[in-house]
Amino acid sequence: MRIVVIGGTGLIGSKVVARLGEQGHDAVPASPASGVDTLTGEGVKEVLQGADVLVDVSNSPSFADDDVLRFFRTATTNLVEAARSAGVGHYVALSVVGADRLPESGYLRAKVVQERLITESGLRHSLVRATQFFEFAGSIADAATEDGTVRLSGGGVQPIAAEDVAHVVSRTAAGDPLGGLLEIAGPEAFGLDEWIRTVLRARGDARQVVTDPRARYFGALLGPDSLRPGPGGELAPTSLAEWLTR
Ligand SMILES: NC(=O)c1ccc[n+]([C@@H]2O[C@H](COP(=O)([O-])OP(=O)(O)OC[C@H]3O[C@@H](n4cnc5c(N)ncnc54)[C@H](OP(=O)(O)O)[C@@H]3O)[C@@H](O)[C@H]2O)c1
């Protein structure tokens with residue numbers, strides 16, 4: 001199948017393109033680097049000509065509330081329209097577990113808009129909601145650092161390896177449309193503070209992680225399960241300890 005991967009140069013996208021290519025698919029990475037810009041619409045119609053499947057694993061270059069909302073709203077509107085006129089048979093997008101539970105987060109509000117545009121498009125689709133990637137730990141620490149100290153709550157998380165996310169996104173893209181949502185998470189639950197502390201220690205990062213129940217995660221106060229999958233969620237194999245040794 002011809003599978004166009006929007007964001008195919010990114011962390012998840014590059015792994016998805018490689019996996020689908022190994023499986024014999026014509027996996028086409030598409031992003032501004034290859035002349036495809038979902039914000040301006042440049043190259044979008046052209047790259048989707050003859051595509052069987054569209055996979056969207058792109059991300060906003062800016063996480064500021066207005067920017068990220070503009071990114072996912074405009075990009076998804078353009079992609080839906082182009083997918084419809086190209087007759088694409090399956091639209092796969094990667095979202096975030098708990099996106100609809102944390103409206104205080106501008107980023108997650110934007111992901112809900114993205115999901116809604118796809119769900120209401122009438123296109124055959126699959127939404128894969130993943131928990132936080134292990135690889136995202138450094139960015140979380142940096143965003144929560146003040147005067148050299150990391151302040152995070154003990155809210156519940158169940159992070160996952162990017163490689164495992166790419167496996168499920170690729171499998172979904174090569175399969176029949178789910179017509180709904182699939183949640184995926186790592187095998188273990190942690191407090192957010194505990195997870196980031198473990199990663200920083202393992203990397204020799206001297207920053208102290210202070211547990212602060214009032215600390216917000218990208219604008220949102222976390223509960224014990226806000227970022228954890230529901231009972232039907234699929235659990236990926238790679239543990240944090242295993243990932244840290246890679
Ligand atoms: N981080 C997490 O823990 C987490 C958890 C769950 C779900 N997710 C979701 O996973 C998805 C992928 O994240 P990631 O970390 O793999 O992203 P990433 O590494 O930041 O890659 C972003 C990709 O988007 C592309 N892109 C940026 N602007 C674009 C535009 N205007 N038009 C087309 N493509 C554009 C980039 O292309 P260039 O290389 O050409 O700039 C790049 O290929 C996101 O949608 C995110 O919401 C993330």
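Note that ligands are numbered from 1 as they come in the structure, with each ligand's atoms numbered from 1 the same way.
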Please determine whether any non-hydrogen atom of Thr40 lies less than 4.0 Å from an atom of ligand 1. no
Is it the case that the side chains of Asp147 and Thr149 hold a donor-acceptor pair, with the cut-off being a distance below 3.5 Å and no angle test? no
Look at atom 41 (O) of ligand 1 and say which protein heavy atom is nearest, naming residue and atom and giving the distance to 0.1 Å. Pro32 CD, 4.5 Å
Where's the contact between Phe133 and ligand 1, heavy-atom distance under 4.0 Å: side chain, backbone, both or neither? both
For atom 46 (C) of ligand 1, grab the closest protein heavy atom and report residue, atom and distance to one decimal in Å. Tyr107 OH, 3.2 Å
Can you pull out the closest protein heavy atom to atom 20 (O) of ligand 1? Residue, atom name and distance to 0.1 Å, please. Asn59 CB, 3.9 Å
Is the contact between Val36 and ligand 1 made by the side chain, the backbone, both, or neither, using heavy atoms and a 4.0 Å cut-off? backbone
Output the list of atoms in ligand 1 that are nearer than 4.0 Å to some heavy atom of Ser58, sorted by atom number. 11 (C), 23 (C), 24 (O), 34 (N), 44 (C), 45 (O)
If you apply the rule salt bridge (charged side-chain N to carboxylate O under 4.0 Å, His left out), what do you find for Arg19 with Glu163, and how did you get there? CA-CA 10 Å; Arg19 277 178 179 267; Glu163 199 64 56; 3.4 Å; yes
Min heavy-atom dist Ala75 to ligand 1 below 4.0 Å: no
Counting neighbours of CZ on Arg201 that are heavy atoms of other residues, nucleotides or ligands and sit closer than 6.0 Å, is the number greater than 12? no
Tell me whether Arg214 at atom CZ has more than 12 heavy atoms from other residues, nucleotides or ligands lying less than 6.0 Å away. no
Honestly, for Lys111 the part within reach of ligand 1 (heavy atoms, under 4.0 Å) is side chain
Evaluate Ala33 for polar contact with ligand 1, using N/O atom pairs at a separation under 3.5 Å. yes
Heteroatom distance test (Ile12, ligand 1): nitrogen or oxygen, under 3.5 angstrom: yes
Just to be sure I'm reading this right: ignoring hydrogens, which of Ile6, Leu94, Val44 gets closest to atom 10 (O) of ligand 1? Compare them by their nearest heavy atoms. Leu94
For atom 12 (C) of ligand 1, what is the nearest protein heavy atom, given as residue, atom name and distance? Val57 O, 3.2 Å
Here's a test for you: under ring pair (Phe, Tyr, Trp, His ring centres under 6.0 Å), which of Phe134, Trp195, Phe136 qualifies with Trp243? Phe134
Check Val165 against ligand 1 and report side chain, backbone, both or neither, counting heavy atoms closer than 4.0 Å. neither
Should the pair Arg109-Asp65 be classified as a salt bridge under the 4.0 Å nitrogen-to-oxygen rule? yes
Any heavy atom of Phe134 under 4.0 Å from ligand 1? The part involved is neither
Sorted by first residue and then second, give each side chain to side chain donor-acceptor pair (under 3.5 Å) pair with at least one member in residues 204-213; sequence neighbours left out. Asp142-Arg207, Thr145-Arg207, Asp193-Thr211, Arg197-Thr211, Asp205-Arg207
Could you tell me whether some N/O pair between Leu11 and ligand 1 is separated by less than 3.5 angstrom? yes
Minimum side-chain heavy-atom gap Val88-Leu123 below 4.5 Å: no
Treating Gln158 as the side-chain partner and Pro229 as the backbone partner, does any N or O pair qualify as donor plus acceptor under 3.5 Å? no
Applying side chain to side chain contact (heavy atoms under 4.5 Å, CB included), name anything that partners Val47, two or more places apart in sequence or on another chain. Arg2, Val4, Val28, Ala30, Val36
Would you call Arg129 and Glu115 a salt bridge, using N to O less than 4.0 angstrom? yes
Is there a polar contact between ligand 1 and Ser31, counting only N or O atoms under 3.5 Å apart? yes
Which ligand 1 atoms does Val96 reach within 4.0 Å, using its non-hydrogen atoms? 6 (C), 7 (C)
Protein residue, atom and distance nearest to atom 28 (N) of ligand 1, heavy-atom basis: Phe71 CE1, 3.6 Å
Does Gly10, backbone or side chain, put an N or O under 3.5 Å from an N or O of ligand 1? yes
Atom CZ of residue position Arg151 - does it have more than 12 heavy atoms of other residues, nucleotides or ligands inside 6.0 Å? no
Using only atom types and a distance under 3.5 Å, with no angle test, would you say the side chain of Glu188 pairs donor to acceptor with the backbone of Leu240? yes
Using a strict cut-off of 4.0 Å, indicate which atoms of ligand 1 neighbour a heavy atom of Asp37. 30 (C), 31 (N), 32 (N)
Which protein non-hydrogen atom lies closest to atom 43 (O) of ligand 1, naming both residue and atom, and how far is it? Thr9 OG1, 2.6 Å
Does Asp56 use its side chain to pair, donor to acceptor, with the backbone of Ala93 at less than 3.5 Å? no
Which is it for Ser95 and ligand 1 at heavy atoms under 4.0 Å: side chain, backbone, both or neither? backbone
Is there at least one protein heavy-atom neighbour under 4.0 Å from atom 17 (O) of ligand 1? yes
What atoms of ligand 1 come closer than 4.0 angstrom to any heavy atom of Gly7? 23 (C), 24 (O), 25 (C), 43 (O)
Is it true that a side-chain atom of Lys111 and a backbone atom of Leu94 form a donor plus acceptor pair closer than 3.5 Å? yes
